Protein chains: 2
Amino acid sequence: MNIGELAKRSNLTPSRIRFYESIGLLKMVERRPNGYRTYPPEALVLIELIATAQKAGFSLDEIRVLVPTDLENWQHDTLLETLQRKVADITALEARLAQSRKQLVALIKDIEAKPGDIDCAENARRVLSRMLDNADLPDMDAGDVKLLGKAGRVRANRRKSAAN
Amino acid sequence: MNIGELAKRSNLTPSRIRFYESIGLLKMVERRPNGYRTYPPEALVLIELIATAQKAGFSLDEIRVLVPTDLENWQHDTLLETLQRKVADITALEARLAQSRKQLVALIKDIEAKPGDIDCAENARRVLSRMLDNADLPDMDAGDVKLLGKAGRVRANRRKSAAN
DNA sequence: CTTGACCCTAAAGTTAACTTGAATGTTAAG
DNA sequence: CTTAACATTCAAGTTAACTTTAGGGTCAAG
């Protein structure tokens, strides 16, 4: 299988597949005499596994450790351990998210409660201090979350437009 | 208040505070004749709010839109709307995480069930296909999550070490 | 009046996970 | 035989959110 076909079947770009190979994540590839890469059918399974693992929150570095890329010898124990750690991680994250949501919902109620009547700045200050009061989310020492960006997109270079 | 003190009180680095100013996030700052920045006490509240919002998963771009940085005029409606969207985002993410965890737990059980007896490669293949079978996580069109990296740390330059 | 702690700016570096670009080779079709 | 669609490499660009570095000023203490 050529890279183009593998790309189509897996819904990854060729460049991405080459990239995975370049970082040692995808070693299941041979070269034809002309230099073209050629992949066995298992490669499809493997890169889909990689993509799936990414969706589940694994970094490529973690995936490299997890999946010895050749399907033949992966270490049972390391794998289990890592998976278990990851479940713990997810559980912790779920707790954090629940906290965040609780906080946000409280904040919304708080803001809605005041029909724009009273002084806006005063209201702001009140809301801010409320927000800070229960700003006791456990610090993310162990990693980080980013959710759903792309909201306040700024067109040009941020520094430049901000220097305005 | 000088930047150093603000930094200490907020537990952010001075460079980070300057950075926030440089991207137009923190406009609450004056200059003393010597060029030193000087902050009113409210600045502490504000940057703590920024940090809190980040912990809750807001990007700096989103925060810029949310918090007009002067405490005096923020738009009630935009704010509410954004907060609500964020709650929805978090809910969606929670669903995704629950899915991920369920999948991982199933996978762990699956692996544990086979005492390393049977062929390792066969086992691997079985586990992989199981993983791929329920690899139906909703695609993250709307954003992305990263959890808890720093596991499979590779020392030197990744490209370089992989080229080995 | 010097030393150390603090402040300034502008530019470049960092990390992850890719993408894009430039320059070039290969192959299948008409 | 040419052309389009594919393939290759290597280097550089992208984004977010900062940090680091280089090269200087400023200030309080002794």
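All values reported here derive from a predicted model rather than from experimental measurement. Order of the sequence lines fixes the chain letters, A, B, ..., with proteins taken first and strands second; residue numbering starts at 1 for each chain.
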OP1 or OP2 of D/dC27 under 4.0 Å from side-chain N/O of B/Asn34: yes
Scan B/Arg31 against the nucleic acid and name what it touches under 4.0 Å (heavy atoms): base, sugar-phosphate only, or nothing. sugar-phosphate
Below 4.0 Å: OP1/OP2 of D/dC6 and any side-chain N or O of A/Asn2: no
Between B/Arg64 (side chain only) and B/Ile23 (backbone N and O only), is there a donor and an acceptor less than 3.5 Å apart? yes
Figure out the CD/P separation between A/Glu5 and C/dT27, and round it to whole Å. 17 Å
Send over the distance from B/Ile63 CD1 to D/dA16 P, rounded to a whole Å. 13 Å
Would you please confirm or rule out a distance under 4.0 Å between OP1 or OP2 of D/dC18 and any side-chain N or O of B/Thr13? no
With a 4.0 Å cutoff (strictly under), does any side-chain N or O of B/Tyr20 reach OP1 or OP2 of D/dC18? yes
Separation between CD of A/Glu21 and OH of A/Tyr39, rounded to the nearest 0.5 Å: 5.0 Å
Would you mind reading off the distance between B/Ile3 atom CD1 and C/dC6 atom P, rounded to a whole angstrom? 13 Å
Phosphate-side-chain proximity, A/Arg37 and D/dT9, N/O vs OP1/OP2 below 4.0 Å: yes
Rounded to the nearest angstrom, tell me the gap between atom CG in B/Leu12 and atom C1' in D/dC18. 11 Å
Distance, rounded to the nearest Å, where A/Arg64 contributes CZ and C/dC18 contributes P: 12 Å
Would a single hydrophobic cluster contain both B/Tyr36 and B/Leu26, if residues Ile, Leu, Val, Met, Phe, Trp and Tyr are joined by side-chain heavy-atom contacts under 4.5 Å? no
Using atom CD1 of B/Ile23 as one end and atom C1' of D/dT19 as the other, report the distance to the nearest whole Å. 14 Å
To the nearest angstrom, the CZ-P distance between B/Phe19 and C/dA11 comes to 16 Å
If you check the A/Ser15 side chain, which of C/dT19, D/dT9, D/dC27 turns out closest? C/dT19
Got a donor-acceptor contact below 3.5 angstrom from the B/Glu62 side chain to the B/Ser59 backbone? yes
Counting only side-chain nitrogens and oxygens, does B/Arg18 get under 4.0 Å of the OP1 or OP2 atom of D/dT20? no
Out of curiosity, does A/Leu44 fall in the hydrophobic cluster containing A/Phe19 (side-chain heavy atoms, cut-off under 4.5 Å, transitive links)? yes
Would you kindly compare B/Gly4 and A/Arg16 by the position of their nearest DNA chain C nucleotide and give the one closer to the 5′ end? B/Gly4
From CD of B/Glu62 across to C1' of D/dT15 the rounded distance in Å is 15 Å
